[in-house]
Protein chains: 2
Amino acid sequence: MGPRVLIVEDEEPLMLLLRYNLEAEGYEVDSVSRGDEAEIRLREQIPDIVLLDWMLPGLSGIELCRRIRARSETERLPVIMLTARGEEGDRIRGLSTGADDYIVKPFSVPELLARVRALLRRTKPAYIATLLRAGDIELDRETHRVRRAGQELHLGPTEFRLLEFLMQSPGRVFSREHLLNAVWGHDVYIDERTVDVHVGRLRKAIGLPRKPDPIRTVRGAGYSFDETFAREDQPLEA
Amino acid sequence: MGPRVLIVEDEEPLMLLLRYNLEAEGYEVDSVSRGDEAEIRLREQIPDIVLLDWMLPGLSGIELCRRIRARSETERLPVIMLTARGEEGDRIRGLSTGADDYIVKPFSVPELLARVRALLRRTKPAYIATLLRAGDIELDRETHRVRRAGQELHLGPTEFRLLEFLMQSPGRVFSREHLLNAVWGHDVYIDERTVDVHVGRLRKAIGLPRKPDPIRTVRGAGYSFDETFAREDQPLEA
DNA sequence: TCGGGGGTGTCATGTAATTGTCATCCAACT
DNA sequence: AGTTGGATGACAATTACATGACACCCCCGA
């Protein structure tokens, strides 16, 4: 069972979008639409992370965040604030109320997921591996570096996210549609063939002279990170 | 007994098509043609998943979906929206009304079945085996791999779907027409004899030197995955 | 403000896998 | 033996994927 997320958000569509994507990534999601409700919920069960809307009925996000910090049980509970676009002061204030991070609406889904992961990595490293390793490939989420056989590789941002996503579930086959959603974001309108191109670039970027291709094309279905490659015996660090 | 599906769809032909195919896959199907009827039905019995037409008499699919989400009993009930082609921000809209997934009409039957499976796998993993196993054959839906006696086999997309479908109901005999609907999709106009050819290809693809043929031809009726084969003792992993 | 990169999304093209049909051959039933 | 239905190998059309080219765009340093 994945990390538990509590979403406190009154705009239902947004809440659902978040829920949908987080669940798809394996989180266990709970949600409430009012600040005061959230407070009650937090007495019953403490999640691993909270996504908190800035503007809320019942009890504002800022105030709720203060109260979270005030209770010893939730003192260190990771909180990400969802703020409306624009206000400069907001950012500062958001953090000064005790949020660990904030993100400005509207945001892209991969962006949010990345922040949730980043924060969890900082606070509950057990949940989120910072280093993905498979075969002779290492991807470090923190430093954004990728190495193969000890050698550092250069990947563009998209290639990096794509590889990260694929390595997250070795073996599993993802359709181009799914990849577009997960790597590019939901609202984008991009040709599915573009995925091919990026997979090609990724392949070129992580290809080494006589090393096998770790990315598997499944005709008619999509792509996957080859789990047989992933399971392969590690090269000795010699 | 398979997962229960509630279909809310007023176009009768479509509803029947769905019912037919879902039942063939082992689902227990219930259906209503009006949105308000659906609401009542949902008070009597809660299915495992709902297929919901976007446009409905009585109560629109969107509104019904909202209400489903509003009741705590059905808050997390998986919903797939059936939307007409082309409407503006289909994706966002569909999801933001709270549906877990949506599919654009007209869709192919295998496509729909795949989505139903995918969603159930996410929400009620107990129902949907990701791995089909019968005799010495293993078909992994997640990785799209097929193994026989531990050895990986290569199947084309159609052969894969065909095997998947047959393995789903070992012993059950399917007519060529039925197979065309389930594996190829309804609107296709393909010669029934083509099924023979694909069965042949499938046989060749999964055939190993001195292993028996797991696909049974039923003269005058169709084909089935041989259930005696399926029940056969597993080879020791020695 | 004016050129570079670097990174992206599309396209056109080349290529190999897949597919639907046929014609033919075979096996099973009458 | 005569039929009927199924298996199979061949084939041509189609599809799906890989790749190189290219036009933008955005950010930075000059």
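Labels below follow one simple rule: chain letters A, B, ... track the order of the sequence lines, proteins then strands, and each chain is numbered from 1. Heavy-atom basis, side chains included; hydrogens, waters and symmetry copies ignored.
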- Are B/Arg201 and B/Glu159 close enough for a salt bridge, meaning some N to O gap below 4.0 Å?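 Here B/Arg201 does not pair with B/Glu159 in a salt bridge, since their nearest N and O are not under 4.0 Å apart.
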- Item | SB check B/Arg19 B/Glu9 (cutoff 4.0 Å) |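 Looking at B/Arg19 and B/Glu9, the cut-off is not met.
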Rounded to whole Å, please give me the gap between [atom1] in [X] and [atom2] in [N].
X        : N      : atom1 : atom2 : answer
B/Ile190 : D/dT14 : CD1   : P     : 14 Å
A/Glu159 : C/dG6  : CD    : C1'   : 11 Å
B/Leu179 : C/dG20 : CG    : C1'   : 16 Å
B/Leu180 : C/dG20 : CG    : C1'   : 11 Å
A/His198 : D/dG20 : NE2   : P     : 16 Å
A/Tyr189 : C/dT8  : OH    : C1'   : 15 Å

Closer than 4.0 Å, any side-chain N/O of [X] to the OP1 or OP2 of [N]?
X        : N      : value
B/Trp184 : C/dT19 : no
B/Lys204 : D/dA7  : no
A/Thr194 : C/dT10 : yes
B/His154 : C/dT18 : yes

Pairs: protein N or O with nucleotides 15-19 of chain D N or O, under 3.5 Å:
from, atom 1, to, atom 2, distance (Å)
D/dA16, O4', A/Arg219, NH1, 3.4
D/dA16, N3, A/Arg219, NH2, 3.2
D/dC17, OP1, A/Arg176, NH2, 2.7
D/dC17, OP1, A/Gly220, N, 2.9
D/dC17, OP2, A/Arg176, NH2, 2.8
D/dC17, OP2, A/Arg193, NH2, 3.0
D/dC17, O5', A/Arg176, NH2, 3.2
D/dA18, OP1, A/Arg203, NH1, 2.9
D/dA18, OP1, A/Thr217, OG1, 2.6
D/dA18, OP2, A/Tyr223, OH, 2.7

- Task: Taking atom CD of B/Glu177 as the centre, report whether more than 12 heavy atoms of other residues, nucleotides or ligands fall under 6.0 Å from it.
- Result: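 Not buried by this count: 12 neighbours or fewer within 6.0 Å.
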- Item | cation_pi(B/Arg122, A/Tyr27) dist<6.0 Å, angle<=45 |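 Not flagged: B/Arg122 not positioned over aromatic ring of A/Tyr27.
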- May I ask you to check whether B/Phe165 and B/Phe174 place their ring centers less than 6.0 Å from one another?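 So the answer is yes for these two rings.
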- Query: What residues form a salt bridge (Lys or Arg N to Asp or Glu O under 4.0 Å) with A/Glu152, not counting sequence neighbours?
  - Reply: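 A/Glu152 satisfies salt bridge (Lys or Arg N to Asp or Glu O under 4.0 Å) with A/Arg145 only.
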